[in-house]
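Okay, structure first, notes after.
All residue numbers refer to positions in the sequence shown, counting from 1.
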Amino acid sequence: MTLIGTLINFSKPKSNPGENMNRKDNKLAIAVAAALAFGTTGFSANAQQTAPGQPAAKERIEVTGSNIKRVEGESALPVTVITREEIDKSGATNAVELLQLLGSNASVGSVLSSSTIGATTFSAQTANLRGLTGSRTLVLINGKRVNGFAGEVNGVQGVNLAVIPFSAIERVEVLKDGASAVYGSDAIAGVINFIMRQDYRGAEATIWYGEPTRTGGGAQEKYSASAGFGDLSTNRYNVFISGSYEHQKPLDQKDRDFSNTAYIPDINYNTLSSNVFPGRVTTGSIGTPGGTGKCTGGFSTYFADLGNCFFDPAGEPGVESIPDTKDINFFGQVKFQITNNWQAYGTALYGKQENHFIIQPVPISNLFFYGPNADIPSTITVSPGTPFYPTADAIAAGVNGQVLNVRYRAALNGNRDTTDTNEGYQLVGGVKGSWGNWDADFSYSYAQGKTKEVLNGGFPLYSLALPLLNGGTVNLFGPNTDAIAQQVAATNFNGETFHGTSTNEGFQG
C-alpha cells in the first residue's frame, strides 16, 4: 500500500553535550536504503570511519547483549543500531512498522494487528527475530524487561509492541544473535532494546497524516508531543514526558484488486466456501433449490467453471483486510544526579490499543464443530413436511421424503464484529553508578497488562441458533419475515468473551 504522507513538526530542542554516559551510539549504524514516499524503505548496517589523524574514542558504553561495559568498537556482537534521525526518515509511525523494515525480523510467523482477520490473536503485535517467534525474542526498554502479552494463546506470545512509546525513542539496538546466557531462554532469537531519550531538553509536536493513493479507506493519522527540562550536568536533574495518539482507519478487502476475490483460477487459488446463503443442499447433490439461477445474490455466487454456487469471503462488503485501530501511548522519565558517580532514575509508561475488526458471517454446517471438545457438528437440516422443504428438487434428485443436509451462511446474524482492547503500564525505579572498579545498577520494576475481547454482533450461540434453524420456521433458501429475522438475530451472543491479566514484578541488580 503506497502512502502519501504529510508531516508537520514543531520543535525547539536544545543541544546537550553533557548527556548520559550511555548516550554514545554503537559503531554499527543504520542507513536508509531507498526513497520514502513511493519506494521500499530498508535498513543496512554500515561501519563508521574515523577521520585520518583523529584519535579513536575510548568512552565505555553499555552494549545490548552484555552486562559488561566496554570500549566502543571492542564488541564483536552483531548489534544493529537505528538512530532517531533514521527512525524519522523511515516513515514508520510505530514500533511494528519500524521492525518490519529490518531483515532480521522475519515476516513469516509474525503476529500483527491485521492477523486478527481470520485468526484468534487478541490483536497482539509481536517481534519475530530470525523467525523464532515472539516467545524467543526479548524486548527491552532502557535495558529493562517489558511485561508479556496478557492474551497469550498458542502461536501468540511475547511482548505486545503496541505498548512501546514510539515518539519517545532515542534509538533502537537490535542484537541479531542469541543472548540466552545473559537474559534467559526468551532471548534465544535475539534482543530488541528500545532506548528512550536521555537528558532531553526542549519541546516538539508532530502531526502526521497519510492515505493510500487509491480510494476506499486505509488512511492513517498520528499526533505526538514531547517535552523535557533540566540539565543533569548543571541542574542535577532531568524530566522528560512524551505522549501520542494514532488512528489506523479500516480498509475492505473488496477495495483492492489483489484481495477482492478468493478465486483466481490462473494461479490455482481457490478459498471459496460452500457454506452459502441461500443455503446449499448436499443430499442428492441438489445444490441451491430452484436451480443455479437462484443462488446469485445475497451471500452466494454461481461460478460457471466450477458448476456450483459458492460464497466469496474476500468480495463481501464490510470484510476488512486492515482493521480500525486506535493507539494511545504515554512515557515519563525522571533522573536525579545524586553525585558525580551516582544517579537515581524512574520511568513510567502506559499504552492502550483498541482494535475493531469485521469479517464475513459465520458458516454453519456439519463441516464445523463446537462444544467443549469441539466434537459436535453444527448440522443444519430441512425435514419433509416443513414449509420450506424443496419437494420438487428432492423428487428430481430421487431423495424426496429424506431429511436433507444443508450448508448455510448465517446472513441473518450479520457480519462478525469484534473489538479487542489491550492496555498495559510499567513503573521502574532505581539507582546506578560506579564505585572503584565496579559498575552497579539496582532497580525495581512493576508491570501489568490487560487484554479484553468483546463481541459486538454476528456470533450466534449454537445452543439457541441450531434448534431455531432446524425447526422449519426459518427459510434457509430465501427471504424471511422481519419477525423471523429478529428471532435469528436474537440468538447472537454480544458481550465480553475473554479477559486476561499479566503481571511482572521484580528486582534487578
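Nearest heavy atom pair, residue Y345 against residue F442, reads OH-O, 3.9 Å. Minimum interatomic distance between V319 and I359 (heavy atoms only, all atoms of both residues): CG2-C, 4.0 Å. Scanning both residues, P361 and F311, for their nearest heavy atoms gives CD-CZ, 4.5 Å. The minimum heavy-atom distance between A447 and N147, with the atom names listed, is CB-CB, 3.6 Å.
In this structure, the side chains of P250 and I322 stay at 4.5 Å or more apart for every pair of heavy atoms. Put simply, the side chain of P460 does not reach to within 4.5 Å of the side chain of F493, judged on heavy atoms. V172 places a side-chain heavy atom less than 4.5 Å from the side chain of I87. Residues Q333 and V239 have side chains not in contact (no heavy-atom distance under 4.5 Å, counting atoms from C-beta outward).
Judged as a side chain to side chain contact (heavy atoms under 4.5 Å, CB included), and not counting sequence neighbours, the contacts of T121 are V111, S115, T116, A119, V156. Judged as a side chain to side chain contact (heavy atoms under 4.5 Å, CB included), and not counting sequence neighbours, the contacts of S104 are L102, L129, V174, K176. Under the side-chain hydrogen bond (donor to acceptor under 3.5 Å, both in side chains) criterion, T419 pairs with N456, sequence neighbours left out. Residues forming a side chain to side chain contact (heavy atoms under 4.5 Å, CB included) with Q448 (at least two apart in sequence, or on another chain): Y425, Y446, K450, T501, T503. With sequence neighbours excluded, the residues forming a side chain to side chain contact (heavy atoms under 4.5 Å, CB included) with E85 are T83, K89, listed by chain and number.
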Note to self: side-chain hydrogen bond (donor to acceptor under 3.5 Å, both in side chains) for S242 and S167? Distances and angles first, verdict last.
What the structure shows: CA-CA 7 Å; S242 177; S167 59; 2.8 Å; yes
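Taking the ring centroids of F240 and Y200, they lie under the 6.0 Å cut-off. In this structure, Y263 has its ring center no closer than 6.0 Å to that of Y269.
For residues 134-145, the set of pairs meeting the salt bridge (Lys or Arg N to Asp or Glu O under 4.0 Å) definition, not counting sequence neighbours, comprises K144-D441, R145-D186.
Remark: R171 engages E173 in a salt bridge, criterion side-chain N to carboxylate O under 4.0 Å. Ion pairing of D420 with K452 is absent here, as no side-chain N (NZ or NE/NH1/NH2) approaches a carboxylate O to less than 4.0 Å.
Seen from the ring of F166, R84 counts as a face-on cation partner, given the 6.0 Å and 45° thresholds.
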